[in-house]
Amino acid sequence: MNVHLHWFLPTGGDGRTLVDRHAYTDGGIKRDRITPVSGVRAPDIEYLAQIAKAAEQLGFEAVLTPTGTWCEDAWLTTVALAQHTERLKFLVAFRPGVISPVLAAQMASTYQRITRGRLLLNVVTGGDSTEQRRFGDHLDHDRRYARTAEFLSVVRGVWGGRPFDYDGEHYQVEGGLTALPPDPLPDIFFGGSSAAAGPVAAAHADVYLTWGEPPAAVKEKIDWIRGLAEEQGRTVRFGIRLHTISRDSSREAWATADRLLGDLDPGTIAAAQQALGRSESVGQQRMLALHGGSRDRLEISPNLWAGVGLVRGGAGTALVGSHAEVADRIEEYHSLGVEHFVLSGYPHLEEAYWFGEGVTPELAARGLLSTVPASPLLGVAGASGRPASAPGGAPLLVAGGR
(Lines give C-alpha, C1' and ligand atoms only; values in the text may rest on other atoms or scores of the structure.)
Protein backbone atom coordinates (compact mmCIF):
# COMPACT_ATOMS: atom_id res chain seq x y z
CA MET A 1 0.00 0.00 0.00
CA ASN A 2 1.61 3.23 -1.18
CA VAL A 3 1.07 6.70 0.23
CA HIS A 4 -1.11 8.98 -1.92
CA LEU A 5 -0.35 12.68 -1.44
CA HIS A 6 -2.91 15.42 -2.08
CA TRP A 7 -2.79 19.19 -1.56
CA PHE A 8 -5.44 21.89 -0.96
CA LEU A 9 -6.87 24.79 -2.98
CA PRO A 10 -7.66 27.78 -0.69
CA THR A 11 -10.70 29.03 -2.61
CA GLY A 12 -11.71 31.16 0.38
CA GLY A 13 -8.42 33.07 0.42
CA ASP A 14 -4.85 32.40 1.48
CA GLY A 15 -2.05 34.14 3.31
CA ARG A 16 0.90 34.06 5.69
CA THR A 17 -1.32 34.06 8.78
CA LEU A 18 -3.97 31.86 10.33
CA VAL A 19 -6.30 34.84 10.65
CA ASP A 20 -6.46 35.61 6.93
CA ARG A 21 -10.03 34.34 6.69
CA HIS A 22 -11.09 37.10 9.07
CA ALA A 23 -9.40 39.83 7.04
CA TYR A 24 -12.37 40.17 4.68
CA THR A 25 -15.98 41.04 5.33
CA ASP A 26 -17.02 38.52 2.70
CA GLY A 27 -14.47 35.73 2.93
CA GLY A 28 -12.37 37.22 0.14
CA ILE A 29 -14.95 37.30 -2.63
CA LYS A 30 -15.00 41.12 -2.99
CA ARG A 31 -11.56 41.64 -1.42
CA ASP A 32 -12.83 44.28 1.03
CA ARG A 33 -10.51 44.28 4.03
CA ILE A 34 -11.72 45.17 7.49
CA THR A 35 -8.43 44.61 9.33
CA PRO A 36 -4.88 45.52 8.32
CA VAL A 37 -3.64 41.91 8.09
CA SER A 38 -0.59 41.71 5.85
CA GLY A 39 0.12 38.97 3.35
CA VAL A 40 -3.51 38.10 2.60
CA ARG A 41 -4.15 36.73 -0.87
CA ALA A 42 -7.53 36.70 -2.58
CA PRO A 43 -8.61 33.47 -4.32
CA ASP A 44 -8.14 34.79 -7.85
CA ILE A 45 -8.04 32.17 -10.58
CA GLU A 46 -4.48 33.24 -11.42
CA TYR A 47 -3.27 32.54 -7.89
CA LEU A 48 -5.17 29.27 -7.60
CA ALA A 49 -3.65 28.22 -10.92
CA GLN A 50 -0.18 28.81 -9.48
CA ILE A 51 -0.99 26.45 -6.61
CA ALA A 52 -2.51 23.84 -8.92
CA LYS A 53 0.49 23.93 -11.24
CA ALA A 54 2.90 23.71 -8.31
CA ALA A 55 1.00 20.75 -6.87
CA GLU A 56 1.14 18.97 -10.21
CA GLN A 57 4.85 19.68 -10.69
CA LEU A 58 5.66 18.50 -7.18
CA GLY A 59 3.88 15.18 -7.67
CA PHE A 60 0.68 15.62 -5.66
CA GLU A 61 -2.04 13.44 -7.12
CA ALA A 62 -4.99 15.72 -6.42
CA VAL A 63 -6.07 18.94 -4.73
CA LEU A 64 -9.02 19.22 -2.35
CA THR A 65 -11.38 22.11 -2.98
CA PRO A 66 -13.70 23.08 -0.10
CA THR A 67 -17.36 23.97 -0.18
CA GLY A 68 -19.32 26.60 1.73
CA THR A 69 -20.46 30.19 1.83
CA TRP A 70 -16.98 31.71 2.01
CA CYS A 71 -15.48 29.69 -0.84
CA GLU A 72 -15.71 30.00 -4.58
CA ASP A 73 -17.85 27.24 -6.08
CA ALA A 74 -15.80 24.04 -6.18
CA TRP A 75 -17.20 22.60 -9.41
CA LEU A 76 -16.74 25.74 -11.49
CA THR A 77 -13.35 26.65 -10.05
CA THR A 78 -11.78 23.25 -10.52
CA VAL A 79 -13.06 22.63 -14.02
CA ALA A 80 -11.48 25.98 -14.95
CA LEU A 81 -8.20 24.95 -13.30
CA ALA A 82 -8.27 21.66 -15.17
CA GLN A 83 -7.52 23.70 -18.29
CA HIS A 84 -4.27 24.91 -16.64
CA THR A 85 -3.06 21.42 -15.67
CA GLU A 86 -2.57 18.08 -17.34
CA ARG A 87 -2.52 15.26 -14.77
CA LEU A 88 -3.68 16.78 -11.49
CA LYS A 89 -6.95 15.40 -10.11
CA PHE A 90 -9.52 17.51 -8.26
CA LEU A 91 -11.14 16.33 -5.04
CA VAL A 92 -14.35 18.35 -5.31
CA ALA A 93 -16.29 18.88 -2.08
CA PHE A 94 -20.04 19.18 -2.29
CA ARG A 95 -23.11 18.95 -0.06
CA PRO A 96 -25.72 16.32 -0.91
CA GLY A 97 -28.59 18.36 0.56
CA VAL A 98 -28.44 21.19 -1.95
CA ILE A 99 -28.39 19.33 -5.26
CA SER A 100 -30.36 16.53 -6.91
CA PRO A 101 -28.47 13.22 -6.79
CA VAL A 102 -29.32 12.53 -10.44
CA LEU A 103 -27.99 15.94 -11.44
CA ALA A 104 -24.87 15.36 -9.33
CA ALA A 105 -24.31 12.05 -11.11
CA GLN A 106 -24.68 13.77 -14.46
CA MET A 107 -22.31 16.59 -13.46
CA ALA A 108 -19.70 14.07 -12.37
CA SER A 109 -20.03 12.22 -15.66
CA THR A 110 -19.58 15.40 -17.67
CA TYR A 111 -16.66 16.44 -15.48
CA GLN A 112 -14.88 13.13 -16.07
CA ARG A 113 -15.17 13.48 -19.82
CA ILE A 114 -14.07 17.13 -19.87
CA THR A 115 -11.04 16.45 -17.67
CA ARG A 116 -10.31 12.95 -18.99
CA GLY A 117 -10.90 11.23 -15.69
CA ARG A 118 -9.54 13.70 -13.13
CA LEU A 119 -12.48 13.92 -10.71
CA LEU A 120 -12.64 12.69 -7.11
CA LEU A 121 -15.66 13.46 -4.91
CA ASN A 122 -15.62 14.63 -1.28
CA VAL A 123 -19.10 14.27 0.21
CA VAL A 124 -19.71 16.85 2.97
CA THR A 125 -22.87 16.08 4.92
CA GLY A 126 -22.55 19.28 6.98
CA GLY A 127 -22.27 19.90 10.70
CA ASP A 128 -23.44 23.50 11.05
CA SER A 129 -27.20 24.04 10.91
CA THR A 130 -26.80 27.78 10.34
CA GLU A 131 -24.71 27.12 7.24
CA GLN A 132 -27.09 24.40 6.06
CA ARG A 133 -30.13 26.67 6.42
CA ARG A 134 -28.32 29.30 4.39
CA PHE A 135 -28.56 26.85 1.49
CA GLY A 136 -32.16 25.94 2.23
CA ASP A 137 -31.46 22.74 4.18
CA HIS A 138 -33.43 22.41 7.42
CA LEU A 139 -32.77 18.80 8.43
CA ASP A 140 -31.16 18.00 11.75
CA HIS A 141 -27.75 16.34 12.11
CA ASP A 142 -28.73 12.66 12.03
CA ARG A 143 -31.33 13.07 9.30
CA ARG A 144 -28.70 14.77 7.13
CA TYR A 145 -26.61 11.60 7.31
CA ALA A 146 -29.64 9.45 6.52
CA ARG A 147 -30.25 11.62 3.46
CA THR A 148 -26.59 11.32 2.44
CA ALA A 149 -26.93 7.54 2.44
CA GLU A 150 -29.93 7.79 0.11
CA PHE A 151 -28.17 10.36 -2.05
CA LEU A 152 -25.16 8.12 -2.61
CA SER A 153 -27.41 5.12 -3.29
CA VAL A 154 -29.08 7.10 -6.07
CA VAL A 155 -25.79 8.39 -7.50
CA ARG A 156 -24.28 4.92 -7.71
CA GLY A 157 -27.55 3.53 -9.10
CA VAL A 158 -27.75 6.16 -11.81
CA TRP A 159 -24.12 5.48 -12.77
CA GLY A 160 -25.14 1.91 -13.60
CA GLY A 161 -26.04 2.85 -17.15
CA ARG A 162 -29.66 1.67 -16.96
CA PRO A 163 -32.86 3.41 -15.81
CA PHE A 164 -32.86 3.38 -12.01
CA ASP A 165 -35.81 3.67 -9.65
CA TYR A 166 -35.52 4.63 -6.01
CA ASP A 167 -38.19 5.18 -3.37
CA GLY A 168 -36.76 6.54 -0.12
CA GLU A 169 -37.70 8.98 2.59
CA HIS A 170 -35.74 11.82 1.04
CA TYR A 171 -35.54 10.92 -2.66
CA GLN A 172 -38.00 9.37 -5.08
CA VAL A 173 -36.53 8.74 -8.53
CA GLU A 174 -38.20 7.14 -11.54
CA GLY A 175 -36.01 6.02 -14.40
CA GLY A 176 -32.96 7.94 -13.21
CA LEU A 177 -30.25 7.69 -15.81
CA THR A 178 -26.86 9.05 -16.75
CA ALA A 179 -26.70 8.43 -20.49
CA LEU A 180 -22.90 8.14 -20.41
CA PRO A 181 -21.68 7.02 -16.98
CA PRO A 182 -18.34 8.42 -15.83
CA ASP A 183 -15.29 6.44 -16.82
CA PRO A 184 -13.62 5.80 -14.49
CA LEU A 185 -16.11 6.12 -11.66
CA PRO A 186 -14.77 8.81 -9.29
CA ASP A 187 -13.72 7.63 -5.86
CA ILE A 188 -15.97 8.94 -3.09
CA PHE A 189 -14.23 10.42 -0.05
CA PHE A 190 -16.40 10.76 3.03
CA GLY A 191 -15.83 11.83 6.63
CA GLY A 192 -17.81 11.88 9.84
CA SER A 193 -17.12 10.98 13.47
CA SER A 194 -20.67 10.61 14.78
CA ALA A 195 -22.63 7.41 15.30
CA ALA A 196 -24.85 8.47 12.40
CA ALA A 197 -21.88 8.87 10.06
CA GLY A 198 -20.23 5.49 10.57
CA PRO A 199 -22.77 3.28 8.77
CA VAL A 200 -22.91 5.72 5.84
CA ALA A 201 -19.14 5.56 5.43
CA ALA A 202 -19.15 1.77 5.71
CA ALA A 203 -21.84 1.40 3.05
CA HIS A 204 -20.83 4.06 0.53
CA ALA A 205 -17.32 5.50 0.95
CA ASP A 206 -14.34 4.43 -1.09
CA VAL A 207 -12.07 6.45 1.22
CA TYR A 208 -13.00 7.36 4.80
CA LEU A 209 -11.36 10.69 5.63
CA THR A 210 -10.58 11.78 9.19
CA TRP A 211 -9.10 14.97 10.56
CA GLY A 212 -5.64 14.79 12.10
CA GLU A 213 -6.03 13.38 15.58
CA PRO A 214 -3.23 11.60 17.51
CA PRO A 215 -2.39 8.16 16.09
CA ALA A 216 -4.19 6.20 18.82
CA ALA A 217 -7.44 8.07 18.16
CA VAL A 218 -7.05 7.61 14.40
CA LYS A 219 -6.54 3.87 14.90
CA GLU A 220 -9.79 3.71 16.88
CA LYS A 221 -11.64 5.36 14.00
CA ILE A 222 -10.07 3.05 11.43
CA ASP A 223 -10.98 -0.04 13.45
CA TRP A 224 -14.53 1.30 13.86
CA ILE A 225 -15.17 1.96 10.18
CA ARG A 226 -13.34 -1.16 9.04
CA GLY A 227 -15.51 -3.29 11.31
CA LEU A 228 -18.73 -1.69 10.07
CA ALA A 229 -17.64 -2.15 6.45
CA GLU A 230 -16.77 -5.80 6.98
CA GLU A 231 -20.27 -6.40 8.30
CA GLN A 232 -21.54 -5.21 4.91
CA GLY A 233 -18.99 -7.17 2.91
CA ARG A 234 -17.12 -4.04 1.85
CA THR A 235 -13.56 -2.76 2.08
CA VAL A 236 -12.92 0.92 2.80
CA ARG A 237 -9.61 2.73 2.37
CA PHE A 238 -8.54 5.48 4.75
CA GLY A 239 -7.27 9.04 4.49
CA ILE A 240 -6.32 11.86 6.85
CA ARG A 241 -6.60 15.65 6.56
CA LEU A 242 -3.64 17.59 8.01
CA HIS A 243 -1.74 20.86 7.68
CA THR A 244 2.05 20.75 7.44
CA ILE A 245 4.95 22.95 8.51
CA SER A 246 8.07 21.21 7.25
CA ARG A 247 11.53 22.81 7.24
CA ASP A 248 15.18 21.88 6.90
CA SER A 249 15.40 21.67 10.69
CA SER A 250 12.94 21.10 13.51
CA ARG A 251 13.93 24.44 15.03
CA GLU A 252 12.93 26.31 11.85
CA ALA A 253 9.60 24.51 11.65
CA TRP A 254 8.61 25.25 15.24
CA ALA A 255 9.73 28.86 14.81
CA THR A 256 7.24 29.12 11.93
CA ALA A 257 4.49 27.62 14.10
CA ASP A 258 5.33 30.11 16.85
CA ARG A 259 5.11 32.98 14.37
CA LEU A 260 1.66 31.84 13.24
CA LEU A 261 0.62 31.59 16.88
CA GLY A 262 1.97 35.07 17.53
CA ASP A 263 -0.58 36.52 15.09
CA LEU A 264 -3.47 35.31 17.24
CA ASP A 265 -4.66 37.71 19.92
CA PRO A 266 -6.88 36.43 22.76
CA GLY A 267 -9.97 38.13 21.36
CA THR A 268 -9.62 36.45 17.97
CA ILE A 269 -9.17 33.04 19.60
CA ALA A 270 -12.13 33.53 21.96
CA ALA A 271 -14.45 34.63 19.14
CA ALA A 272 -13.41 31.71 16.94
CA GLN A 273 -13.80 29.18 19.75
CA GLN A 274 -17.26 30.49 20.58
CA ALA A 275 -18.37 30.18 16.96
CA LEU A 276 -16.81 26.74 16.49
CA GLY A 277 -18.31 25.53 19.75
CA ARG A 278 -21.79 25.86 18.25
CA SER A 279 -21.03 23.31 15.56
CA GLU A 280 -23.07 20.09 15.60
CA SER A 281 -20.16 18.22 14.02
CA VAL A 282 -18.73 15.55 16.31
CA GLY A 283 -15.47 15.76 14.38
CA GLN A 284 -15.31 19.50 15.05
CA GLN A 285 -15.91 18.95 18.75
CA ARG A 286 -13.09 16.41 18.78
CA MET A 287 -10.82 19.00 17.18
CA LEU A 288 -11.73 21.58 19.84
CA ALA A 289 -11.10 19.08 22.63
CA LEU A 290 -7.50 18.64 21.51
CA HIS A 291 -6.53 22.11 22.79
CA GLY A 292 -9.52 23.35 24.79
CA GLY A 293 -9.05 26.86 23.40
CA SER A 294 -5.72 27.26 25.20
CA ARG A 295 -2.32 28.14 23.75
CA ASP A 296 -0.66 25.82 26.28
CA ARG A 297 0.46 22.30 25.34
CA LEU A 298 -0.46 22.58 21.68
CA GLU A 299 1.90 19.74 20.71
CA ILE A 300 -0.69 17.07 21.48
CA SER A 301 1.39 14.21 20.09
CA PRO A 302 4.96 14.14 18.73
CA ASN A 303 5.13 16.69 15.89
CA LEU A 304 1.32 17.11 15.91
CA TRP A 305 0.39 20.74 16.63
CA ALA A 306 -3.18 21.85 17.39
CA GLY A 307 -2.58 25.60 16.91
CA VAL A 308 -4.49 25.87 13.64
CA GLY A 309 -7.70 24.80 15.37
CA LEU A 310 -7.59 27.77 17.71
CA VAL A 311 -9.11 29.95 14.99
CA ARG A 312 -10.07 27.67 12.11
CA GLY A 313 -12.79 25.11 11.72
CA GLY A 314 -12.30 21.75 10.10
CA ALA A 315 -8.81 20.34 10.05
CA GLY A 316 -7.16 21.93 13.08
CA THR A 317 -3.82 20.16 13.40
CA ALA A 318 -0.49 20.38 11.60
CA LEU A 319 2.53 18.12 11.31
CA VAL A 320 5.45 20.30 12.43
CA GLY A 321 9.11 19.37 12.23
CA SER A 322 12.05 18.66 10.01
CA HIS A 323 11.37 16.94 6.72
CA ALA A 324 12.46 13.62 8.24
CA GLU A 325 10.26 14.11 11.31
CA VAL A 326 7.19 14.90 9.21
CA ALA A 327 7.95 11.83 7.10
CA ASP A 328 8.19 9.80 10.34
CA ARG A 329 4.70 10.86 11.35
CA ILE A 330 3.28 10.11 7.90
CA GLU A 331 4.91 6.70 8.04
CA GLU A 332 3.37 6.16 11.49
CA TYR A 333 -0.15 6.97 10.25
CA HIS A 334 0.49 4.85 7.18
CA SER A 335 1.35 1.87 9.40
CA LEU A 336 -2.14 2.20 10.93
CA GLY A 337 -3.76 1.87 7.50
CA VAL A 338 -3.90 5.48 6.29
CA GLU A 339 -3.31 5.60 2.55
CA HIS A 340 -4.41 9.09 1.46
CA PHE A 341 -2.87 12.23 2.99
CA VAL A 342 -4.74 15.45 2.16
CA LEU A 343 -2.35 18.22 3.18
CA SER A 344 -2.20 22.01 3.29
CA GLY A 345 -0.21 24.89 4.77
CA TYR A 346 -0.05 28.66 5.04
CA PRO A 347 0.56 30.03 2.48
CA HIS A 348 -0.38 27.11 0.27
CA LEU A 349 1.98 27.94 -2.58
CA GLU A 350 5.13 28.12 -0.49
CA GLU A 351 4.22 25.22 1.81
CA ALA A 352 3.57 22.99 -1.21
CA TYR A 353 7.21 23.53 -2.19
CA TRP A 354 8.54 23.01 1.33
CA PHE A 355 6.74 19.67 1.51
CA GLY A 356 7.31 18.61 -2.09
CA GLU A 357 11.03 19.37 -2.05
CA GLY A 358 11.63 18.20 1.52
CA VAL A 359 9.24 15.48 2.65
CA THR A 360 8.35 13.83 -0.65
CA PRO A 361 11.95 12.68 -1.31
CA GLU A 362 12.08 11.30 2.24
CA LEU A 363 8.93 9.25 1.63
CA ALA A 364 10.24 8.05 -1.71
CA ALA A 365 13.51 6.93 -0.11
CA ARG A 366 11.49 4.85 2.36
CA GLY A 367 9.62 3.13 -0.46
CA LEU A 368 6.27 4.72 0.39
CA LEU A 369 5.70 6.41 -2.98
CA SER A 370 5.32 4.67 -6.30
CA THR A 371 6.82 7.63 -8.17
CA VAL A 372 8.59 10.84 -7.22
CA PRO A 373 8.70 13.89 -9.49
CA ALA A 374 12.06 15.00 -10.80
CA SER A 375 12.79 18.69 -10.39
CA PRO A 376 13.90 20.38 -13.62
CA LEU A 377 16.65 22.04 -11.58
CA LEU A 378 17.69 18.90 -9.70
CA GLY A 379 21.46 18.80 -9.31
CA VAL A 380 22.01 22.36 -10.49
CA ALA A 381 24.03 24.08 -7.77
CA GLY A 382 23.05 27.49 -6.52
CA ALA A 383 25.43 30.18 -5.36
CA SER A 384 25.35 28.80 -1.82
CA GLY A 385 26.04 25.25 -2.94
CA ARG A 386 22.42 24.26 -2.28
CA PRO A 387 20.24 23.09 -5.17
CA ALA A 388 19.02 26.06 -7.19
CA SER A 389 15.45 24.94 -6.50
CA ALA A 390 15.82 26.10 -2.91
CA PRO A 391 18.23 29.05 -2.83
CA GLY A 392 19.19 30.13 0.65
CA GLY A 393 16.90 27.54 2.23
CA ALA A 394 13.72 29.11 0.80
CA PRO A 395 11.33 27.32 -1.57
CA LEU A 396 11.21 28.23 -5.23
CA LEU A 397 8.06 30.19 -6.11
CA VAL A 398 6.83 29.53 -9.62
CA ALA A 399 4.47 32.10 -11.07
CA GLY A 400 3.64 30.20 -14.23
CA GLY A 401 4.38 27.14 -16.33
CA ARG A 402 4.56 23.53 -15.26
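All of these numbers come straight from a predicted model, not from anything done at the bench.
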Please check this pair: side chain of [X] against backbone of [Y], looking for a donor-acceptor N/O pair closer than 3.5 Å.
X	Y	value
Thr178	Pro181	no
Glu61	Lys89	no
Arg366	Leu363	no
Thr317	Ala306	no
Glu362	His323	no

Once you round to the nearest 0.5 Å, how far does [atom1] of [X] lie from [atom2] of [Y]?
X	Y	atom1	atom2	value
Asp44	Gln50	CG	CD	10.0 Å
Ile51	Glu350	CD1	CD	8.5 Å
Trp354	Thr256	CH2	OG1	8.0 Å
Ile222	Tyr208	CD1	OH	9.5 Å
His340	Met1	NE2	CE	9.5 Å
Glu325	Ser250	CD	OG	4.0 Å

Below 4.0 angstrom, N of the basic side chain to O of the carboxylate: do [X] and [Y] qualify?
X	Y	value
Glu351	Arg247	yes
Glu299	Arg329	no
Glu169	Arg147	no
Arg237	Asp187	yes
Asp206	Arg156	yes
Arg144	Asp140	no

Is the closest side-chain donor-acceptor distance between [X] and [Y] under 3.5 Å?
X	Y	result
Ser344	Arg241	yes
Thr148	Thr125	yes
Thr78	Tyr111	yes
Ser109	Gln106	no

What is the ring orientation for [X] with [Y], classed by angle as parallel under 30°, tilted 30 to 60°, or perpendicular over 60°?
X	Y	value
His6	Phe189	perpendicular
Tyr346	His243	tilted
Trp254	Trp305	perpendicular
Tyr166	Phe164	parallel

Over all atoms of both residues, closest heavy-atom pair of [X] and [Y]:
X	Y	value
Cys71	Thr11	CB-OG1, 3.5 Å
Ser193	Ala197	N-CB, 4.2 Å
Leu369	Ala364	CD1-N, 4.0 Å

Practice task
Count the heavy atoms belonging to other residues, nucleotides or ligands that lie under 6.0 Å from CZ of Arg259, then report whether that count exceeds 12.
Solution key: yes

Handout entry: Greater than 12 external heavy atoms within 6.0 Å of Arg116's CZ
Key = no

Fill in the blank from the handout: side chain to side chain contact (heavy atoms under 4.5 Å, CB included) test vs Leu260 passes for just one of Val320, Ile245, Leu310, namely Ile245

Practice task
Please lay out, stage by stage, how Lys221 and Glu213 fare under the test salt bridge (charged side-chain N to carboxylate O under 4.0 Å, His left out).
Solution key: CA-CA 10 Å; Lys221 278 189 173 182; Glu213 299 181 26; 3.2 Å; yes

Handout entry: Phe151-His170 aromatic ring centre distance below 6.0 Å
Key = no

Handout entry: Centroid-centroid under 6.0 Å between Phe341 and His334 rings
Key = no

Handout entry: Leu343/Leu5 under side-chain contact (heavy atoms from CB on, under 4.5 Å): CA gap, chis, key distance, verdict
Key = CA-CA 7 Å; Leu343 308 171; Leu5 298 175; 4.3 Å; yes

Handout entry: Worked check of side-chain contact (heavy atoms from CB on, under 4.5 Å) between Ile114 and Val79
Key = CA-CA 8 Å; Ile114 289 175; Val79 81; 4.1 Å; yes

With a 4.5 Å heavy-atom cut-off, do [X] and [Y] have their side chains touching?
X	Y	result
Thr244	Trp7	yes
Gln112	Pro184	yes
Ile240	Trp211	no

Practice task
Determine, stepwise, if the pair Phe8 / His348 fulfils ring-ring contact (aromatic ring centres under 6.0 Å, His included).
Solution key: CA-CA 7 Å; Phe8 184 83; His348 287 76; 5.4 Å; yes

